[in-house]
Amino acid sequence: MDSAELIKWVLENLDYWVVVIFMAIESSFIPFPSEVIVPPAAWKSMVDGEMNIFLVVIFATIGADIGALFNYYLAKWLGRPVVYKFADSRIGHMCLIDRQSVERAEQYFRDHGAASTFFGRLIPAVRQLISIPAGLAGMRMDHFLLYTTLGAGVWNCVLAFIGYLIYLSFPDVDTQKVYELATQYSHEIGYVLLALAVIVVGILVYKGLKKKK
């Protein structure tokens, strides 16, 4: 089954189990777009009532936590040399992971500390990998889960809201079209969230420097 067929299957079989499983996959190092899952599920909850939009967000966040924990423990147990060897490998490249992307995630973690697991969940290209440097650094599990859950929860709320807006704005669409529209909107929103994250981090750094003085 190729990626197009897999996406088609997900869109045709959306339920809470599918949401959890594929959000766990999306949150791990396996490339799979969250726009395929949450916005269509949220849209579906409004159209036929078989799902609840709030439960969609909750189960999507549980799935994201599972995938993040997988990355965290994998990095913690394997260590930096093995992680980077995987990033340099052909299989790593097939998973859209390379040395540069892991280094970028590590640098982001070093620059922003524990809070990076929150802000990182909102940033494209960092979202799936931010758990790796957290595992390599041995971040406290309670802090990791708290920040990951909050960050994933915020992002899933955004995706669910996109699905809701599509339901209001485009009454005659199907899940495939919802996915396509959500991909377009989520990229734009992702950059807005990135800008907001940079502003918030800048304020926190400024306050920290001010206190030291």
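Below, each value reflects all heavy atoms present in this structure, side chains not excepted, and no hydrogens, waters or symmetry copies.
In this structure, CD on E26 lies 14.5 Å from CD1 on I21, to the nearest 0.5 angstrom. Taken to the nearest 0.5 Å, the CG atom of D48 stands 4.0 Å off from the CD atom of E50. Rounding to the nearest 0.5 Å places OG of S27 at 6.5 Å from CG of N71.
F70 places none of its side-chain heavy atoms less than 4.5 Å from the side chain of S131. Between V19 and I62 there is no side-chain heavy-atom pair separated by less than 4.5 Å. Proximity of M23 to F59: side-chain heavy atoms (C-beta onward) are nowhere separated by under 4.5 Å. A heavy-atom distance below 4.5 Å is not found between the side chains of F118 and H143. Residues V18 and W9 meet the side-chain proximity criterion, which asks for heavy atoms closer than 4.5 Å.
Minimum interatomic distance between L14 and I37 (heavy atoms only, all atoms of both residues): CD2-O, 4.0 Å. Nearest heavy atoms, E35 versus P40: O-CD, 3.2 Å. When all heavy atoms of D174 and K177 are compared, the pair lying nearest together is OD1-N, 2.9 Å. The minimum heavy-atom distance linking M46 with I53 is given by the pair SD-CD1, 4.5 Å.
When the side chains of ILVMFWY residues are joined at heavy-atom separations under 4.5 Å, either directly or via intervening members, F22 and W17 end up in two distinct hydrophobic clusters. The hydrophobic cluster containing V57 does not contain L55, counting ILVMFWY residues as joined when their side-chain heavy atoms lie under 4.5 angstrom apart, directly or transitively. Under the 4.5 Å side-chain heavy-atom criterion for ILVMFWY residues, a single connected hydrophobic cluster contains both V36 and Y16.
Side chains of D65 and T148: a donor-acceptor N/O pair is absent below 3.5 angstrom, by distance only.
Between the side chain of Y72 and the main chain of M139, a donor-acceptor pair closer than 3.5 Å is present. Judged purely by atom type and a 3.5 angstrom limit, Y179 has no side-chain atom pairing as donor or acceptor with the backbone of K8. Under the 3.5 Å distance criterion, the side-chain polar atoms of S45 are matched with a main-chain donor or acceptor of A42.
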Ignoring hydrogens and angles, write down the donor-acceptor pairs under 3.5 Å from the side chains of residues 156-171, residues two or more places apart or on other chains.
from: N156; atom 1: ND2; to: T61; atom 2: OG1; distance (Å): 3.1
from: N156; atom 1: ND2; to: A152; atom 2: O; distance (Å): 3.0
from: S169; atom 1: OG; to: L165; atom 2: O; distance (Å): 2.9

